[in-house]
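Scroll down for the structure; my scribbles are underneath it.
Worth knowing before you read on, the calculation uses all heavy atoms, side chains too, and leaves out hydrogens, waters and symmetry mates.
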Amino acid sequence: EENPMEVLDMIRDVLEEYVKGIKDVRVHDMYFDARTFEFLIEYIVKCELGEVSVKLVHSSNPTVALRRYYGYEKQKE
């Protein structure tokens, strides 16, 4: 999918089981590694509890993908 909100819509039912009272969702950031075809989309979800971060990860090793994403985030600062 080209639109990251459409990707979220594909798992919205599952998300709503864990995050109650979703009021708004926005894309915070996206990461893509062309060498490994890993990607991560981070959303900020406003809900009954406040704001929560939700990350969708496509990777053969999600732990490594998260580590790379946080390195990418740190470089942007």
Side-chain angles (χ1 to χ4, degrees):
E1 296 288 333
E2 290 184 23
N3 181 342
M5 293 308 291
E6 289 178 7
V7 175
L8 182 73
D9 286 342
M10 291 193 295
I11 60 107
R12 195 178 219 14
D13 291 343
V14 174
L15 177 63
E16 288 174 343
E17 290 179 25
Y18 294 94
V19 180
K20 303 295 183 199
I22 295 175
K23 298 174 184 173
D24 188 40
V25 179
R26 68 178 172 83
V27 175
H28 175 71
D29 207 354
M30 295 187 293
Y31 168 77
F32 176 71
D33 186 331
R35 293 176 297 118
T36 60
F37 295 105
E38 294 174 326
F39 74 85
L40 184 147
I41 305 170
E42 181 176 10
Y43 302 90
I44 301 299
V45 178
K46 291 184 182 179
C47 62
E48 291 175 356
L49 297 174
E51 290 186 348
V52 295
S53 170
V54 174
K55 295 170 185 71
L56 295 182
V57 181
H58 176 271
S59 173
S60 60
N61 190 335
T63 303
V64 172
L66 276 169
R67 205 173 304 134
R68 289 179 183 152
Y69 171 70
Y70 289 128
Y72 159 79
E73 283 278 291
K74 200 169 203 170
Q75 286 177 350
K76 290 181 6 178
E77 293 176 355

### Task
Apply ring-ring contact (aromatic ring centres under 6.0 Å, His included) to Y72 and list each qualifying residue two or more places apart in sequence or on a separate chain.
Y31
### Min side-chain heavy-atom separation V7-Y43 under 4.5 Å
yes
### Task
Could you grab the distance from atom CZ of R26 to atom CD of E42, nearest 0.5 Å is fine?
9.0 Å
#### Entry: Residues that K76 engages under salt bridge (charged side-chain N to carboxylate O under 4.0 Å, His left out), provided they are two or more places apart
D29, E73
### Query
Quick one: do M10 and F32 end up in the same hydrophobic cluster if we chain Ile, Leu, Val, Met, Phe, Trp and Tyr together by side-chain heavy atoms under 4.5 Å apart?
yes
### Message
Under 4.5 Å between side-chain heavy atoms, counting indirect links through other Ile/Leu/Val/Met/Phe/Trp/Tyr residues: same cluster for M30 and V45 or not?
### Response
yes
#### Entry: Minimum-distance pair of heavy atoms, taken over all atoms of C47 and K20
CB-O, 3.4 Å
### Message
Taking side-chain contact (heavy atoms from CB on, under 4.5 Å) as the definition, give me every residue that meets it alongside V64, ordered by chain and number, with sequence neighbours left out.
### Response
N61, R67, R68
#### Entry: Which atom of A65 lies closest to which atom of V57, heavy atoms considered
CB-CG1, 3.9 Å
### Summary
Hits for ring-ring contact (aromatic ring centres under 6.0 Å, His included) against Y69, two or more places apart or cross-chain, chain-then-number order -> none
### Summary
Sequence neighbours excluded, the answer for salt bridge (charged side-chain N to carboxylate O under 4.0 Å, His left out) partners of D9 is none
### Task
Decide if atom NZ of K46 counts as having more than 12 heavy atoms of other residues, nucleotides or ligands within a radius under 6.0 Å.
no
### Query
If Ile, Leu, Val, Met, Phe, Trp and Tyr residues are connected whenever their side-chain heavy atoms lie under 4.5 Å apart, and connections chain through other members, are V27 and V54 in the same group?
yes
#### Entry: Hydrophobic cluster membership, I41 vs L8, 4.5 Å side-chain cutoff
yes
### Query
Do the side chains of I11 and L40 join up, straight or via other hydrophobic residues, at under 4.5 Å, putting them in one cluster?
no
### Message
I'd like to check H28 versus S53 (side-chain heavy atoms, cut-off strictly below 4.5 Å). Are they in contact?
### Response
no
## Note on the structure
In this structure, NZ of K23 is separated from CD of E51 (nearest 0.5 Å) by 11.0 Å
### Query
In chain order, what residues pass the ring-ring contact (aromatic ring centres under 6.0 Å, His included) check against F39, with sequence neighbours excluded?
H58
